[in-house]
Amino acid sequence: STSNTCMLCGNTPQCTACNPTAPSQCTSCIAGFYPNSNGTCSACPAYCASCSTYGFCNTLTAQYSTGYVLVSTGSNTN
């Protein structure tokens, strides 16, 4: 028979979801962080509320929400 158990993901509190077979591999992070290639959470730039990578900002933080706009610069959004 199969049973389920609860495991704490590594890299908490930034990590919100991880690989069930490798809990130290983070797949989702709290706002302001993104899962990097090492399986941990890295901080977004200070002006980003959410980002996909350090160089790709998805949403600006509140202090930059008025009077600022995200612009595409090559393959990154800044």
Side-chain angles (χ1 to χ4, degrees):
S1 98
T2 303
S3 63
N4 290 330
T5 187
C6 183
M7 288 185 75
L8 180 64
C9 293
N11 308 303
T12 54
Q14 293 90 0
C15 186
T16 58
C18 57
N19 183 336
T21 58
S24 64
Q25 293 289 311
C26 191
T27 58
S28 180
C29 305
I30 62 170
F33 290 82
Y34 65 95
N36 62 34
S37 59
N38 296 329
T40 60
C41 295
S42 292
C44 296
Y47 58 86
C48 281
S50 69
C51 62
S52 303
T53 66
Y54 188 83
F56 196 92
C57 182
N58 300 318
T59 310
L60 294 171
T61 58
Q63 73 187 64
Y64 294 102
S65 63
T66 302
Y68 292 85
V69 64
L70 290 171
V71 294
S72 184
T73 58
S75 61
N76 295 330
T77 300
N78 295 312

Is a side-chain N or O of Thr27 found less than 3.5 angstrom from the main chain of Ala17, in a donor-acceptor match? yes
Where the side chain of Thr16 meets the backbone of Ser28, is there a donor-acceptor pair that is under 3.5 Å apart? yes
Cys pair Cys18/Cys9: SG distance under 2.5 Å? yes
Distance (rounded to the nearest 0.5 Å) between Leu70 CG and Cys51 SG: 11.0 Å
Please report, to 0.1 Å, the donor-acceptor pairs under 3.5 Å made by any side chain of residues 56-64, with sequence neighbours excluded.
| from | atom 1 | to | atom 2 | distance (Å) |
| --- | --- | --- | --- | --- |
| Asn58 | OD1 | Ser52 | OG | 3.3 |
| Asn58 | ND2 | Ser52 | OG | 3.1 |
| Thr59 | OG1 | Ser50 | OG | 3.1 |

Show me the donor-acceptor pairs within less than 3.5 Å that the side chains of residues 35-44 make with the rest of the protein, sequence neighbours left out.
| from | atom 1 | to | atom 2 | distance (Å) |
| --- | --- | --- | --- | --- |
| Asn36 | OD1 | Asn38 | N | 2.8 |
| Asn36 | OD1 | Gly39 | N | 3.2 |
| Asn36 | OD1 | Thr40 | N | 3.1 |
| Asn36 | OD1 | Thr40 | OG1 | 3.2 |
| Asn36 | ND2 | Thr40 | OG1 | 3.0 |
| Asn36 | ND2 | Ser42 | OG | 2.6 |

So which heavy atom on Met7 is nearest to which on Pro23, and how close? CE-CG, 3.4 Å
